[in-house]
Amino acid sequence: MAHPEFDAIVIGAGSVGNPTAYFLAREGVRTLVLDEMPSSGQGQNKAAIGGVRATHSDPAKIRLGQQSLEVFAQWKGATGTDIGWKKGGYCFPAFDEHVEATLQKLLPIQKSHRLNIDWHDAEGIRRVVSGITPVGLRGGTYSPDDGQVSPLKAAESFTQEAVRLHAQYRYREPVTSLVTEDHAVAGVRTEQGEYRAPCVIIAAGTHATRLCQMAGLDLPVLPESHEAGISAPVQEFLGPLVVDLRPGPEGKTTNFYFGQDSDGQIIFCYTPKEKFPGENRTSTFEFMPVVAARLVNLIPRLKNLTIRRVWRGLYPMTPDGNPIVGKAPNVSGLLLGIGMCGQGFMLGPGVGMNLASLAIRGQPAIEPGIFDLLSPARDLYGGKKESLK
Ligand SMILES: Cc1cc2nc3c(=O)[nH]c(=O)nc-3n(C[C@H](O)[C@H](O)[C@H](O)COP(=O)(O)OP(=O)(O)OC[C@H]3O[C@@H](n4cnc5c(N)ncnc54)[C@H](O)[C@@H]3O)c2cc1C
């Protein structure tokens, strides 16, 4: 049985799907969101630690990050809902020549996009990151306009606002196939039936490859396990989200990052040296001892923290480490917001705004030349580049 028609269907109520639905509904687009989970944000959205920044090295991520930051920063004023926005900035301290050179090299690119970021000497970084060890500290970058947001609160609020603007959400309803007619998308099928719309947006996180295959597209989005944890709240003392790019002395981590959220909790993560491909979300016994040593080594006073919980989630990775965003090649009406890697939460609103603009006006909201850097038609394996987490 075919259900009533919609103008657009979003597959996935996650970091990308929820803002996309919000921006579509805000322009009067009759929007349906389908998710296989029982509520919004239950995929990888809730695994994110909530770091949001525009200070990337890739121009497309910079522009989408700028748009996202604007949305996050203005959300409470626009909707009245607190999503835990904290403008504490990002700080990348440097303890060796290699990290210093890497960070210094990025600054001219970042400044050419008018990002508010600067190099600070060791004294300056000690003022920004209260309690950071002075041992070996050479300086670092600090970008005060970046910040943090609660992924759980944001998913809930984007959903509520989209629904208020008449978007419909259906949960526990996985999309099982796409309906296509004459090389154009015409809707989707679930076990409950068929939904028709001339525009379908795939925002299915780690399941994106499967959904793309339904349209005959071979786009690799591969899940990779990452662990995180959170402490009980402590008095506010830490402004920025801190990223320590040094490999850990224990030989198990390539970098680690953490911040204090708007509720006072310290939220933290590391990048394992050995990658864990696949969907295993079982916490490991080694995460907590390894990350605790790194935290206490960097800021000794963190030894007094009480840890509340740890978890493990998945990055939806692409071969070149950049998201895949834009019109699907060869299937008209099909749009993709997939392969968000470790940055889908911070890029979500920017990606959503551009996908909504593509759906409504046929053009992205940012400069097309920059937007196309994320095109699904690019060579995903060529020019592999390193990007900062
Ligand atoms: C430990 C950890 C820390 C992280 N920290 C950060 C951070 O600080 N900042 C940041 O920006 N990012 C961070 N990330 C990355 C971020 O979580 C992801 O990049 C982001 O959530 C991906 O967004 P998404 O919308 O693509 O996927 P998701 O949020 O997973 O949404 C996809 C949705 O699609 C649904 N779905 C899948 N298949 C179907 C189907 N067939 N039918 C219907 N629905 C379907 C899923 O149920 C899911 O709800 C972190 C990730 C981890 C694991």
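For ligands, and for the atoms within them, numbers begin at 1 and follow the listed sequence.
Salt bridge status for Arg172 with Glu191: absent, with no side-chain N to carboxylate O gap under 4.0 Å. For Arg30 and Asp7, the salt-bridge test passes: some basic side-chain N is under 4.0 Å from an acidic carboxylate O.
With a 4.0 Å cut-off on non-hydrogen atoms, Glu36 touches ligand 1 through its backbone as well as its side chain. Contacts between Cys341 and ligand 1, counted as non-hydrogen atom pairs separated by less than 4.0 Å, involve the backbone only. Looking at Asp35 against ligand 1, both its backbone and its side chain come within 4.0 Å, counting heavy atoms. Only side-chain heavy atoms of Leu211 come within less than 4.0 Å of ligand 1; its backbone N, CA, C and O stay farther off. Within the 4.0 Å heavy-atom criterion, the part of Leu314 lying near ligand 1 is the backbone and not the side chain. Under 4.0 angstrom from ligand 1, the non-hydrogen atoms of Ser15 come from both its backbone and its side chain. Of the heavy atoms in Ser40, none comes closer than 4.0 Å to ligand 1.
Within the cation-pi definition used here (under 6.0 Å to the ring centroid, within 45° of the axis), Arg312 qualifies as a partner of Phe276. A cation-pi arrangement is present between Arg301 and Phe237 under the rule of less than 6.0 angstrom and at most 45 degrees off the ring axis.
Classification of the Phe6-Tyr195 ring pair by plane angle, with boundaries at 30° and 60°, yields tilted.
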